[in-house]
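The block underneath contains the structure these notes are about, expressed in structure tokens.
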Amino acid sequence: VVPCDVRREADVQRLVERGYESRANVQHFLDAAQRDVFGAAQGTGLDRSLAGLFVRLARGSVARLVVVMCLGSAFLSMWMSNVAASALLIATVGPMLEGVDDRSRRAVLLSLAMAANVGGMATPVGTGPNAIAMASLPGVTFAQWMLLGVPLTLVSIVVVLVAIRL
């Protein structure tokens, strides 16, 4: 991985010179950046803070916890891979679900994983195929992608919640 600040033109030029402009390398670069985000979230305690916030927002209701976890997981997955978002939250929330009944535990964990999958649709960086597709679509901006991806993600979250029978 080449350390850089993608806001600086010189760093972007260096990436291009080293071959990061190709579609396959876009995916590699994105994966490396997402691993850094995952590590930073764990290292700073952001994962525990988010889990604590989700539990507080649920106010003791498993149904609200499922909704909050769905939204939180989808949001995280917009900016990091669905695998990283799921791993981050499951590792943090899993132990909190020890005393919860099996049906509720399954609902929380399934909603978290499914929402992470659909959340990745919302942005070009949410999942590798999005970045590759955007690199192949000249003229499509980040904002244009989100104009289609965010509403699709929200509708998909409703489908996830219905599928889990909330």
Side-chain angles (χ1 to χ4, degrees), residues 1 6 26-135 137 140-166:
V1 176
V6 294
V26 166
Q27 173 64 42
H28 177 72
F29 184 66
L30 182 60
D31 286 346
Q34 289 175 341
R35 280 191 302 274
D36 290 345
V37 170
F38 178 78
Q42 283 189 316
T44 61
L46 178 64
D47 56 341
R48 291 181 301 280
S49 296
L50 283 174
L53 174 67
F54 295 161
V55 170
R56 281 192 306 281
L57 289 173
R59 292 177 285 171
S61 165
V62 174
R64 273 196 296 266
L65 182 61
V66 169
V67 172
V68 169
M69 291 298 292
C70 258
L71 293 171
S73 181
F75 180 78
L76 284 176
S77 187
M78 290 170 61
W79 311 106
M80 63 174 56
S81 76
N82 54 357
V83 174
S86 294
L88 187 74
L89 291 176
I90 287 174
T92 307
V93 173
M96 291 185 223
L97 299 173
E98 293 289 326
V100 177
D101 66 276
D102 195 46
R103 183 177 186 278
S104 298
R105 187 173 183 275
R106 285 182 189 190
V108 170
L109 295 174
L110 282 172
S111 66
L112 195 152
M114 289 179 185
N117 283 325
V118 299
M121 294 187 296
T123 66
V125 298
T127 187
N130 295 1
I132 292 169
M134 190 166 167
L137 295 168
V140 175
T141 66
F142 198 95
Q144 288 170 325
W145 186 284
M146 287 185 71
L147 281 174
L148 175 66
V150 170
L152 227 116
T153 295
L154 292 173
V155 168
S156 297
I157 288 173
V158 171
V159 171
V160 166
L161 293 171
V162 168
I164 293 174
R165 307 217 193 290
L166 239 188

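For reference, positions follow the sequence shown, starting with 1.
Here salt bridge (charged side-chain N to carboxylate O under 4.0 Å, His left out) pairs that include residues 67-79, with residues two or more places apart or in two chains, number zero. Pairs engaging residues 70-86 under the salt bridge (charged side-chain N to carboxylate O under 4.0 Å, His left out) rule: none recorded [sequence neighbours left out].
Here the straight-line distance linking atom CG of L112 with atom CG of L65 works out to 9.0 Å at 0.5 Å rounding. In this structure, M114 CE and S86 OG are separated by 11.0 Å, a value rounded to the nearest 0.5 Å. Note: F75 CZ to T153 OG1 = 12.0 Å, rounded to the nearest 0.5 Å. With rounding to the nearest 0.5 Å, the separation of CD1 in I90 from OG in S73 is 8.0 Å.
With contacts defined as side-chain heavy-atom distances shorter than 4.5 Å, the pair R56/L53 qualifies. Here the side chains of I157 and V118 are in contact, with some heavy-atom distance below 4.5 Å. Residues L89 and M69 are in side-chain contact: their nearest non-hydrogen atoms beyond the backbone lie under 4.5 Å apart. In this structure, V150 and M78 have side chains that are in contact, with non-hydrogen atoms separated by less than 4.5 Å.
Side chain to side chain, T127 and N130 fail the donor-acceptor criterion of an N or O pair below 3.5 Å.
Looking at S77, its side chain never comes within 3.5 Å of a backbone N or O of G119 through a donor-acceptor pair. Of the possible polar contacts, none joining the S104 side chain to the V100 backbone as a donor-acceptor pair under 3.5 Å is found.
Annotation for M146 and P151: closest pair O-CD, 3.7 Å, computed over non-hydrogen atoms. Between W145 and A133, the shortest heavy-atom contact is CH2-CB, 4.1 Å.
Partners of D102 under the salt bridge (charged side-chain N to carboxylate O under 4.0 Å, His left out) rule, at least two apart in sequence or in another chain, are R106. Scanning for side-chain hydrogen bond (donor to acceptor under 3.5 Å, both in side chains) contacts around N117 gives N82, with sequence neighbours left out. Legend: residues meeting side-chain contact (heavy atoms from CB on, under 4.5 Å) with V159, ordered by chain and number and at least two apart, are absent. Not counting sequence neighbours, S61 has no partner by the side-chain hydrogen bond (donor to acceptor under 3.5 Å, both in side chains) test.
When the options V160, L110, V158 are evaluated for a side chain to side chain contact (heavy atoms under 4.5 Å, CB included) with C70, the one that passes is V160.
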